[in-house]
Amino acid sequence: MNGKPKVRVRFAPSPTGFLHVGGLRTALYNFLFARKHGGTFILRIEDTDRTRYVEGALENLIEVLTWAGLDYDEGPVKGGPFAPYVQSQRLEIYRQHAQSLLETGKAYRCFCTPERLEAMRKEQVRHRVPSKYDRTCLKLEPSEIEGKLQQGVPYAVRMKMPEGRRIRFHDIIREEVEILSDQLDDQVLLKSDGYPTYHLANVVDDHLMEITHVIRGEEWLSSVPKHILLYEHFGWQPPKFAHLPLLLNPDKSKLSKRQGDVAVEDYRAKGYLKEALINFVALLGWNPGDEREVFTLPELIDEFSLERVGKSGAIFDIKKLDWLNFEHLRRKPDSQILAMLKESLSASSLEKKEFDDAYLLNVVGAMRDRVVFVKDFIEKSPYFFQAPSHYERETLKKRWKRETPEQLKKFVEAISRLERPQKEDYEVALNRTAEALGIAPGKLIHPVRLAVSGMGAGPGLYDILFILGKDETIRRIKSAIERLSKGHPSE
RNA sequence: GUCCCCAUCGUCUAGUCGGCCUAGGACAUCACUCUUUCAAGGUGAAAACACGGGUUCGAAUCCCGUUGGGGACACCA
């Protein structure tokens with residue numbers, strides 16, 4: 001009941017076909033801020049550039065946001081009190097606002113052709129003067145304007161920038177920022193095709209949708225004065241601003257395609273968990289102030305504050321993302337990993353894709369400290385899903401000796417006699433066999449591992465044998481003896 | 001070029017508005033440990049306040065400048 005307005009924030013992407021990880025972070029910070037303050041998180045689509053229209057981009061965007069767990073309260077499809085939330089469906093609203101600026105003399109019509117503007121800019125660049133619109137159309141007589149309108153000459157609406165104004169504003173992250181209005185161009189607000197530019201649409205919508213905090217990327221910082229002026233012209237109170245530092249490529253340029261993956265979907269496809277990606281991206285520019293680093297979404301909501309967002313750009317370091325993926329994966333209960341493993345299995349190129357839950361759970365237990373991704377269960381321990389097709393050359397060289405086949409035969413004999421062997425039974429059998437042969441257990445352990453898995457690394461041998469089971473173990477050892485005895489085939 | 005923003009280990013960063021910082025943590029790297037292998041775990045090492053001036057008894061922390069990096073300068077967002 002007290003005067004504090006309810007927090008309303010928006011994530012306002014333009015639908016270019018995929019969600020950029022930088023966009024994911026912007027969305028996340030907006031989301032966290034809203035949830036933290038019991039506010040509203042709005043999704044608004046800024047599709048005012050018809051030349052960049054991408055089929056299905058909206059659906060894709062919503063799908064990815066939903067996957068990440070960033071549910072919006074108002075927006076396209078879902079609707080809300082300020083619908084529509086897609087700018088291309090709000091053209092009339094922008095037209096009216098542009099009209100009112102025209103009437104109050106804060107804006108004017110510009111009939112210049114793109115060609116003329118292009119030539120003008122070139123000229124300005126050549127003379128090394130700041131490239132700004134030369135205000136040709138501001139000097140038009142009312143009769144001339146009338147004439148052009150009569151003839152149906154297409155025009156854009158330009159904002160008339162005041163001269164000599166010092167525009168100062170407060171940014172939650174950057175503190176005080178000051179820009180001279182002389183630097184500002186007479187920005188086009190309404191394009192000749194009737195669509196608004198970002199600046200007009202953004203300001204109008206933020207006001208109409210009662211946005212209290214504009215949280216967006218730093219690339220917008222230098223546009224704020226234009227926006228402030230617009231709010232002023234309309235007689236509106238501007239929202240609070242928070243400009244986030246940029247996400248950078250390893251070479252410190254603005255994160256972009258070409259230097260790796262930038263689409264959230266790329267990371268999803270590679271097997272990153274949403275928990276890890278969200279956690280990682282949250283830490284790029286923000287930290288809780290203590291030493292904790294692994295967070296779930298609810299924990300982030302609890303801890304988040306814009307005041308703790310840093311000012312400098314952050315390089316997207318995939319190594320740390322991998323580590324977070326590992327951390328989040330290992331925190332998941334076996335049952336959940338099991339479900340993901342099954343999915344991974346059915347998508348794999350394995351011949352056999354169906355396994356008992358109990359069997360898979362054993363695999364999960366044996367491998368969970370050794371994998372970063374769910375798909376690693378298959379890639380790092382394929383032998384749990386199919387018999388080895390070849391044996392690692394290096395390991396073979398190191399562990400497989402001339403006398404090995406005979407020794408393994410003894411081990412096979414020993415375990416053949418076992419009834420429903422447990423882990424420990426394999427261990428006892430191996431130790432006894434080694435003892436009988438008068439050799440160290442290692443002389444058997446390594447060849448057995450190689451025989452059943454084809455590799456030199458993995459979980460404890462007895463775990464592997466137990467998981468594979470007696471019959472399969474014997475089969476694989478015999479097969480290895482057969483294949484590796486003649487000559488010394490390495491691959 | 002003009003304007004704006006930024007500046008602590010290779011990377012993400014702590015550093016609550018000057019003293020407790022001989023600069024802390026994490027990832028990555030290396031070593032040791034554990035161990036039948038590989039991981040995980042444990043222990044430890046190496047690794048940074050861009051530079052120059054101030055202000056102050058005292059500066060990573062405040063001010064100025066330099067350098068470096070980035071962003072914005074469209075009828076794209």
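In the text below, chain A, chain B and the rest are named by the order of the sequence lines, each starting its count at 1.
- Comparing A:Arg399 and A:Ser14 by the nucleotide of RNA chain B whose heavy atom lies nearest to each, the residue mapping closer to the 5' end is A:Arg399.
- Remark: side-chain polar atoms of A:Arg368 are paired, donor with acceptor, to backbone N or O of A:Arg330 under 3.5 angstrom.
- Here the side chain of A:Lys132 pairs a donor or acceptor atom with the backbone of A:Asp182 at under 3.5 angstrom.
- Contact annotation for A:Lys132: no contact, since no heavy-atom pair falls under 4.0 Å across all strands.
- As judged by a 4.0 angstrom heavy-atom cut-off over every strand, A:Pro459 is placed among the base-contacting residues.
- Per the geometry, CG belonging to A:Asp322 stands 16 Å off P belonging to B:rA39, to the nearest Å.
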I need a per-nucleotide contact map over nucleotides 12-29 of chain B, read 5' to 3'. Cutoff is protein heavy atoms under 4.0 Å; write B for the base, S for backbone only, - otherwise. BSSS--------SBBSS-
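- Taking a 6.0 Å sphere around CZ of A:Arg308, one finds it holds more than 12 heavy atoms contributed by other residues, nucleotides or ligands.
- Using a 4.0 Å heavy-atom cutoff across all strands shown, A:Phe326 reaches sugar-phosphate atoms only and no base atom.
- For B:rU36, there is no paired base (Watson-Crick or G-U wobble, both distances below 3.5 Å).
- The residue A:Leu444 sits apart from the nucleic acid: no heavy atom pair falls under 4.0 Å.
- Using a 4.0 Å heavy-atom criterion, one finds that A:Pro196 contacts the sugar-phosphate atoms exclusively.
- Of the side-chain N and O atoms in A:Lys254, none sit less than 4.0 angstrom from OP1 or OP2 of B:rC6.
- Under the 6.0 Å distance and 45° angle rule, A:Arg44 does not count as a cation-pi partner of A:Tyr85.
- Across all strands, A:Arg121 comes closer than 4.0 Å only to sugar-phosphate atoms, never to a base (heavy-atom distances).
- Distance CD1 (A:Ile464) to P (B:rC38): 13 Å, rounded to an integer number of Å.
- Put simply, the residue from A:Trp323, A:Phe316, A:Trp286 that forms a ring pair (Phe, Tyr, Trp, His ring centres under 6.0 Å) with A:Phe280 is A:Phe316.
- Taking 3.5 Å as the limit, the base of B:rC73 and the side chain of A:Ser131 contain no donor-acceptor pair of atoms between them.
- Distance A:Lys311 NZ to B:rU8 P: 13 Å, rounded to the nearest Å.
- At a threshold of 4.0 angstrom between heavy atoms, the contacts of A:Arg52 include nucleobase atoms, whether or not backbone atoms are also involved.
- The side chain of A:Thr48 lies closest to B:rA77, out of B:rA77, B:rU2, B:rA74.
- The separation between A:Asp376 atom CG and B:rC38 atom C1' is 13 Å, rounded to whole Å.
- B:rU16: no Watson-Crick or G-U partner with both key distances under 3.5 Å is found in any strand.
- In this structure, B:rU67 and B:rA7 make a Watson-Crick or G-U wobble pair, each of the two defining distances being under 3.5 angstrom.
- Taking atom CG of residue A:Leu184 and atom P of nucleotide B:rU2, one finds them 17 Å apart after rounding to whole Å.
- The minimum heavy-atom distance between A:Arg292 and A:Asp290, with the atom names listed, is NH2-OD2, 2.8 Å.
- The side chain of A:Ala156 has B:rC75 as its nearest neighbour among B:rU36, B:rC75, B:rA77.
- A:Arg158 is not listed as a side-chain neighbour of A:Leu189, based on a closest heavy-atom distance of 4.5 Å or more.
- Base pairing analysis places B:rA23 opposite nothing; no Watson-Crick or G-U wobble pair with both distances below 3.5 Å involves it.
- As a whole-Å value, the separation of A:His243 NE2 from B:rC5 C1' is 11 Å.
- Formation of a donor-acceptor pair under 3.5 Å by the A:Asp186 side chain with backbone atoms of A:Lys160 is not found in this model.
- Where A:Ser192 and A:Arg174 meet RNA chain B, the nucleotide closest to each residue was compared, and A:Arg174 sits on the side nearer the 5' end.
- Proximity note for A:Arg449 (side chain, C-beta onward) versus B:rG71, B:rU36, B:rA77: the nearest is B:rU36.
- Among the atoms of the strands shown, only primed sugar atoms or phosphate atoms (P, OP1, OP2) are found under 4.0 Å from some heavy atom of A:Leu246.
- Within the nucleic acid shown, A:Val125 has no heavy atom closer than 4.0 Å to any nucleic acid atom.
- Within the 3.5 Å criterion, the main-chain N or O of A:Arg370 finds a donor-acceptor partner in the side chain of A:Lys380.
- Residue-level contact check: A:Glu178 touches the backbone only, with heavy atoms under 4.0 Å from sugar-phosphate atoms and none from bases.
- Out of B:rC4, B:rC75, B:rU36, the shortest distance to the side chain of A:Ile179 is found at B:rC4.
- Remark: C1' of B:rU37 and OH of A:Tyr462 are 12 Å apart, rounded to the nearest angstrom.
- In this structure, the side chain of A:Asp171 does not engage the main chain of A:Glu176 through any donor-acceptor pair within 3.5 Å.
- Within the shown strands, B:rU2 is the pairing partner of B:rA72 under the Watson-Crick or G-U definition, both distances less than 3.5 Å.
- Out of B:rA40, B:rG71, B:rU36, the shortest distance to the side chain of A:Glu219 is found at B:rG71.
- Taking atom CG of A:Asp134 as the reference point, atom C1' of B:rA74 lies 15 Å away to the nearest angstrom.
- Base pairing annotation: B:rA31 forms a Watson-Crick or G-U wobble pair with B:rU43, both donor-acceptor distances under 3.5 Å.
- One donor-acceptor pair, N or O on each side, does fall under 3.5 Å between the base of B:rC38 and the side chain of A:Arg370.
- If you check every strand for non-hydrogen atoms under 4.0 Å, A:Gly456 touches a base.
- Base-pair partner of B:rC62: B:rG54 (Watson-Crick or G-U wobble, both distances under 3.5 Å).
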